[in-house]
Amino acid sequence: MTLTDEDCLAETLAFNKQFETAAASRPAREGTPDAALLARLRRNRLGGDTPPVRLPHGQDRVIAGGVKVRVFVPDRVEGVYLHIHGGGWVFGAADGQDERLWQLAGQARLAVVSVEYRLAPEHPYPAGPDDCEAAARWLVRHAAAEFGTQRLLIGGESAGAHLGVVTLLRLRDRHGITGAFRAAHLLFGPYDLSMTPSQRAFGSRRLLSNTDTLRRTYELFTPGTGPEQRRDPEVSPLFADLAGLPPARIVVGTEDPLLDDSLFLAGRWQAAGAPVQLGVVAGAMHGFTLFPLTVTERELRRQREFLSTTGR
């Protein structure tokens, strides 16, 4: 484990405190959000009161199986990054971070394909994983013709990181596909939906995610199941056989209830035989890359370097 960004700890912790103070003034959400609230939160794409900018560089497409994707193609392409957005399987969208994905595309020389997977609670498990699997299989078959390269990478944030690992396992177990994706970049993902010790112990701190919000999102994503059922390796990849997976970079903050998920996954990933870079960001909360912090800029740079150099 590498603890990073300790020199920024004061700034990062101060932001956490500011975030908690602001969150305390808002009523806590309980139960399943109604349709109106869901629509408003999804429209804002987790970005506060202002929806994100949609760039003309993004192309909306429909691929095999009717799955929607948003594609960014820079002038020079040396790989394809299958991006899976976060949002607890309930929120988020493929067009929720156009500016960031377009910047990544240009600087890392990657075509970026972001999956518009179906969201819970309207479309619970396995709808989202099914869509990500379909997008990955489409790239395996068509990346060379579409983008001029067979160098494939996969990754995402939070629920998107979970779906990234699930997708790699489905490719291996359902289709015998290993090695097609040459690297995985996984930011603060939940990999044990029965809840790791850090998830259970985090409590009610009003950061972006806590024990209660995680439990509610698991109930929305996998309705009618309990912790024992969520230990199924197809739902919680921490319990899966991880053999045959590509090199990975796994990142989490020390103030994230999902800290154990990344620590445990990194250990099992490496034990299964693949190289792993584990980065633990000092003081960072869940979802820290959403916010204008020094650690965010550093993390985006590290992500770009990993994706531009790994799997060549």
J.: Any idea which heavy atoms bring G106 and P74 closest together, and the distance?
T.: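 In this case the closest contact between G106 and P74 is CA-CB, 4.0 Å.
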
J.: Determine whether F188 and F288 make a side-chain contact, defined as any pair of heavy atoms from C-beta on separated by less than 4.5 Å.
T.: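 They are in side-chain contact.
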
J.: Verify the cluster assignment for V112 and W138: are they in a single hydrophobic cluster under the rule of side-chain heavy atoms below 4.5 Å apart?
T.: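 Cluster IDs for V112 and W138 differ.
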
J.: Is it the case that more than 12 heavy atoms not belonging to D7 sit under 6.0 Å from its CG atom?
T.: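 Correct, the count exceeds 12.
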
J.: Distance-only, no hydrogens or angles: does the R206 side chain make a donor-acceptor pair with backbone N or O of A23 under 3.5 Å?
T.: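 Yes.
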
J.: Less than 4.5 Å apart, side chain to side chain, heavy atoms only: is that true for L152 and I154?
T.: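 They are not in side-chain contact.
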
J.: Short question: side chain of T149, backbone of R151 - any donor-acceptor pair under 3.5 Å?
T.: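 Checking the backbone N and O of R151 against the side chain of T149, a donor-acceptor pair under 3.5 Å is found.
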
J.: If you apply the rule ring pair (Phe, Tyr, Trp, His ring centres under 6.0 Å), what do you find for F239 with Y191, and how did you get there?
T.: CA-CA 8 Å; F239 296 99; Y191 308 115; over 10 Å; no

J.: Mark yes when over 12 heavy atoms from residues, nucleotides or ligands other than Q150 sit less than 6.0 Å from its CD; otherwise mark no.
T.: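 Result for CD/Q150: open.
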
J.: Run the ring pair (Phe, Tyr, Trp, His ring centres under 6.0 Å) test on Y117 and H85 for me, step by step, so that the C-alpha distance in whole Å, both residues' side-chain angles and the decisive distance to 0.1 Å come before the verdict.
T.: CA-CA 9 Å; Y117 59 89; H85 68 78; 4.4 Å; yes

J.: Just how far is it from atom OG1 of T196 to atom CG of L258, taken to the nearest 0.5 Å?
T.: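 T196 OG1 to L258 CG: 6.5 Å, rounded to 0.5 Å.
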
J.: According to a 4.5 Å side-chain heavy-atom criterion applied to Ile, Leu, Val, Met, Phe, Trp and Tyr, with indirect links allowed, do I250 and L3 form part of one hydrophobic cluster?
T.: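 I250 and L3: one cluster.
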
J.: Do the non-hydrogen side-chain atoms of P233 and L169 ever get within less than 4.5 Å of each other?
T.: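 Contact flag for P233/L169 side chains = no.
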
J.: How about H83 and S114: does a side-chain donor come under 3.5 Å of a side-chain acceptor?
T.: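 Judged by distance alone, the side chains do pair up.
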
J.: What are the two closest heavy atoms between A135 and L82, and how far apart are they?
T.: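 The answer is CB-CD1, 4.2 Å.
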
J.: Between E255 and R205, does a salt bridge (charged side-chain N to carboxylate O under 4.0 Å, His left out) hold up when you go through it step by step?
T.: CA-CA 10 Å; E255 300 299 304; R205 289 183 65 190; 2.8 Å; yes

J.: Judged by modelled atom types alone, do S204 and N210 share a side-chain donor-acceptor pair under 3.5 Å?
T.: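 Distance-only check fails for S204 and N210.
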
J.: Would a hydrophobic clustering, with Ile, Leu, Val, Met, Phe, Trp and Tyr connected at side-chain separations under 4.5 Å, put V140 with V67?
T.: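 Same cluster.
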
J.: Can any side-chain N or O of R312 pair as donor or acceptor with the backbone N or O of S308 at less than 3.5 Å?
T.: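 Yes: the side chain of R312 pairs with the backbone of S308.
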
J.: Step by step, work out the salt bridge (charged side-chain N to carboxylate O under 4.0 Å, His left out) result for R54 and D98.
T.: CA-CA 6 Å; R54 271 179 63 94; D98 276 14; 5.4 Å; no

J.: Relative to each other, are the rings of F221 and Y125 parallel, tilted or perpendicular (30° and 60° limits)?
T.: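 Judged by the thresholds at 30° and 60°, the geometry between F221 and Y125 is perpendicular.
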
J.: After noting the C-alpha distance and the side-chain angles of R70 and D95, does the key distance pass the salt bridge (charged side-chain N to carboxylate O under 4.0 Å, His left out) rule?
T.: CA-CA 7 Å; R70 188 156 173 80; D95 68 352; 5.4 Å; no

J.: Side chains of T167 and E133 only: does a donor on one sit below 3.5 Å from an acceptor on the other?
T.: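 No, no side-chain donor-acceptor contact under 3.5 Å.
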
J.: Under 4.0 Å between a Lys/Arg side-chain N and an Asp/Glu carboxylate O for E234 and R170?
T.: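 Salt bridge between E234 and R170, a charged N being under 4.0 Å from a carboxylate O: no.
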
J.: Given salt bridge (charged side-chain N to carboxylate O under 4.0 Å, His left out), test R302 with E299 step by step and report yes or no.
T.: CA-CA 5 Å; R302 292 188 287 250; E299 179 49 45; 3.4 Å; yes

J.: Determine yes or no for a side-chain-to-main-chain donor-acceptor pair under 3.5 angstrom, with T178 supplying the side chain and R172 the backbone.
T.: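 No, because the side chain of T178 does not come within donor-acceptor range (under 3.5 Å) of the backbone of R172.
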
J.: Indicate whether the side chain of R230 and that of T225 have a donor and an acceptor atom separated by less than 3.5 Å.
T.: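 Looking only at side-chain atoms, T225 and R230 do form a donor-acceptor pair, the distance falling under 3.5 Å.
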
J.: Strictly distance-based, threshold 3.5 Å: is any side-chain N or O of D5 a donor or acceptor partner for the main-chain N or O of V295?
T.: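 No: the side chain of D5 does not pair with the backbone of V295.
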
J.: May I ask you to decide if E219's main-chain N or O and T222's side chain share a donor-acceptor pair within less than 3.5 Å?
T.: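 No: the side chain of T222 does not pair with the backbone of E219.
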
J.: With a 4.5 Å limit on heavy-atom distance, are the side chains of L278 and V280 in contact?
T.: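 Of all side-chain heavy-atom pairs linking V280 with L278, at least one is under 4.5 Å.
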
J.: Under 3.5 Å, side chain of S25 to main-chain N/O of A22, donor-acceptor pair present?
T.: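 Side chain of S25 to backbone of A22, a donor-acceptor pair under 3.5 Å: yes, one is there.
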
J.: Will you find, in the side chains of D260 and Q199, an N or O donor that is under 3.5 Å from an N or O acceptor?
T.: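 Distance-only check fails for D260 and Q199.
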
J.: Please determine whether ring pair (Phe, Tyr, Trp, His ring centres under 6.0 Å) holds for the pair F306 and H185, giving the CA-CA distance in whole Å, both sets of side-chain angles, and the decisive distance to 0.1 Å.
T.: CA-CA 8 Å; F306 177 80; H185 193 274; 5.7 Å; yes

J.: Side chain of H162, backbone of V235: donor and acceptor closer than 3.5 Å?
T.: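 Flag set: sc H162 to bb V235 pair under 3.5 Å.
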
J.: Is the shortest heavy-atom distance from the side chain of P292 to the side chain of E297 under 4.5 Å?
T.: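 Not in contact.
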
J.: Do R231 and S194 have a side chain donor and acceptor closer than 3.5 Å?
T.: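 Yes.
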
J.: Is there a side-chain contact between F264 and D192 in this structure, where contact means two heavy atoms from C-beta onward sitting under 4.5 Å apart?
T.: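 Of all side-chain heavy-atom pairs linking D192 with F264, none is under 4.5 Å.
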
J.: So do V281 and V252 actually touch side chain to side chain, heavy atoms under 4.5 Å?
T.: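 Of all side-chain heavy-atom pairs linking V281 with V252, none is under 4.5 Å.
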
J.: In this structure, would L245 and L186 fall into the same cluster of hydrophobic residues linked by side-chain contacts under 4.5 Å?
T.: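 They do share one cluster, since a chain of ILVMFWY contacts under 4.5 Å joins L245 to L186.
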
J.: So, are E116 and R61 salt-bridged, with charged N and O less than 4.0 Å apart?
T.: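 Salt bridge between E116 and R61, a charged N being under 4.0 Å from a carboxylate O: no.
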
J.: Closer than 3.5 angstrom, by distance alone: can the side chain of Q270 be matched with the main-chain N or O of G267 as a donor-acceptor pair?
T.: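 Side chain of Q270 to backbone of G267, a donor-acceptor pair under 3.5 Å: no, none is there.
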
J.: Within the structure provided, determine whether Q97 and W102 are in side-chain contact (heavy-atom separation under 4.5 Å).
T.: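 No, side chains not in contact.
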
